[in-house]
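Notes follow the structure.
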Amino acid sequence: MFWADKFAKEIIKSGKHKPFWVDDMKTPSGRIHVGSLRGVITHDLIYKALLDAGKKATFSYVIDDHDPMDGLPNYLDEKEYKQYMGKPLNTIPSPESGYKSYGEYFAKDFIEVFNGCGCQPKIIWASKLYQSGKMNQGIKECLDKAEKIRKIYKRVAESEKPKDWYPFQVICEKCGKIGTTKVVGWDGEKVTYQCLPDLVDWVKGCGYEGKISPYDGNGKLPWKVEWAVKWQAIGITIEGAGKDHMSEGGSHDIAAAICKEIINYPVPFAFSHEFLLVGGRKMSSSKGVGSSARDMYNLLPLELIRFLMARPRYNQAINFDPSGNTIPDLFDDYDSYAGSYYKKQRDDFGRIWQLSQIGPIPKIKPFLPRFRDVANYIQLPSVDINKKFEEIKGDKLTKAEKDILKERIKYAKIWLKNYAPGDLVYQITDKIPGQAKKFSKEQKKYLKTIIQLFDRNWKPDDLQQKLYNVAKDLNINPRKAFQAIYLALMGKTHGPKAAWFLLDQDKKFVIKRFSEVAEN
Ligand SMILES: [Zn+2]
């Protein structure tokens with residue numbers, strides 16, 4: 001059974017975690033890494049598995065825009081942004097106009113990407129959640145039981161908090177920073193706080209001391225405590241996280257202890273998902289393709305992104321290296337999983353493909369032009385690509401199929417430009433290359449002979465052997481023979497493996513070219 005369905009089954013069978021409310025979250029401290037997209041899609045798959053099991057469920061995504069800016073991304077102007085260090089992300093100006101804040105700007109970019117990938121969670125802005133007062137009850141309990149929370153940190157994470165530590169940070173009334181303040185007292189209504197110059201080493205507080213209500217957005221809980229209070233304030237019953245948060249003594253253990261011992265809220269169903277790494281150095285090179293979610297969005301069709309995330313088990317690392325044949329292989333797998341879906345095989349493959357779809361799924365399997373072939377044919381000016389695929393399909397392409405082909409052409413161009421191995425980037429020349437006009441008698445004879453092989457359907461391996469045998473039979477140096485093939489088509493002395501290459505070309509074109517060269 002597909003892992004997301006297994007989760008859904010387990011959740012339903014437990015009789016707990018009702019009403020089903022799936023949640024994930026992220027701090028929009030800059031461009032969001034593609035790894036966070038795995039989090040959203042993983043949660044979306046579980047949410048959809050619950051719906052498919054006939055259950056009512058909600059899916060939300062918390063944008064932690066109440067967090068302080070604690071570092072400067074290298075693509076921002078340091079001079080301009082340094083002054084905002086320590087301030088909540090929702091109070092910092094956006095790098096581009098049209099957005100209420102820095103937090104909103106980066107969050108909206110990411111939301112657009114995951115919406116595109118078929119994930120439509122209800123968006124919850126942490127700043128608004130605090131301002132709404134929904135966190136107030138939890139904040140009060142945490143401040144009242146500060147000593148108990150210190151003991152939890154000590155017991156669970158071996159983290160010693162000083163006796164005067166409170167689980168809360170206020171937004172300084174004077175300088176607007178949240179990352180620099182320390183609460184030093186709580187009288188049941190207001191907290192006393194100091195804005196310290198040396199609380200953290202990445203920004204200095206202004207030295208102000210004050211007294212303020214901790215409610216309605218005036219400050220925030222430390223995130224491990226906040227996580228639990230958010231579960232309660234929102235009503236979240238299902239939330240996993242990346243394995244960094246799920247380690248023993250880590251964030252989740254603290255949050256779970258807060259649930260049980262401080263706020264009396266059932267710990268949501270949890271799981272630990274693996275990371276998505278971007279293996280290829282190329283991904284962050286000057287070619288303009290980096291490792292943000294947006295970069296992935298520009299590199300692959302959206303269904304393929306879902307597929308990439310859905311296919312491995314949630315707890316298997318994905319090391320995505322877009323160079324080499326990774327992308328054509330991914331398309332091949334995607335197409336083969338589509339086959340399983342339409343054959344109604346009751347296996348994970350079909351289910352994974354189904355859950356990778358974004359729009360409605362056609363009743364009849366559409367013809368899927370092989371990505372490798374698309375990448376190949378768009379390099380051949382002599383090939384009418386629509387006609388070519390109609391030939392391969394053996395019928396006219398439907399409107400939907402033409403759209404798929406158009407999409408694959410778009411992504412094949414991106415792949416060829418940035419990631420395709422050198423031997424796959426080649427160009428069949430429009431005219432007979434100059435070197436092909438200087439062929440020896442033997443080379444011409446060789447081409448004339450192999451033309452006759454094209455009246456059959458070949459397996460590439462067999463054809464490769466045959467091409468070699470023909471050279472030997474004609475007493476031609478096989479190296480010279482193979483060079484004739486590449487030179488005649490591309491004006492290059494070498495190319496991809498000959499049989500595979502030839503079988504990928506338009507048959508009529510190859511025959512025409514070889515005859516012209518041979519009779520020259
Ligand atoms: Zn201050």
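Counting starts at 1 for both ligands and their atoms, in listed order. By convention here, the first residue in the shown sequence is residue 1.
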Within the 2.8 Å cut-off the protein N, O or S neighbours of the Zn ion (ligand 1) are Cys172 SG, Cys175 SG, Cys195 SG, Cys206 SG

Do Arg155 and Glu261 sit within salt-bridge range, that is, some charged N less than 4.0 Å from a carboxylate O?
yes

Answer yes when Asp52 and Lys48 have at least one side-chain N-carboxylate O distance shorter than 4.0 Å, and no when they do not. no

For Arg313 and Glu274, run salt bridge (Lys or Arg N to Asp or Glu O under 4.0 Å): C-alpha distance rounded to whole Å, both residues' side-chain angles, the deciding distance at 0.1 Å, then the answer. CA-CA 9 Å; Arg313 282 183 57 82; Glu274 258 288 352; over 6 Å; no

Practice problem: Take Lys230 and Asp64 through the test salt bridge (Lys or Arg N to Asp or Glu O under 4.0 Å) and record every step on the way to the result. | Solution: CA-CA 11 Å; Lys230 270 194 299 204; Asp64 285 321; 2.5 Å; yes

Thr27 meets the side-chain hydrogen bond (donor to acceptor under 3.5 Å, both in side chains) criterion, sequence neighbours left out, with Asp67

> Got a salt bridge between Arg408 and Asp335, using NZ or NE/NH1/NH2 to carboxylate O under 4.0 Å?
Replying inline: yes

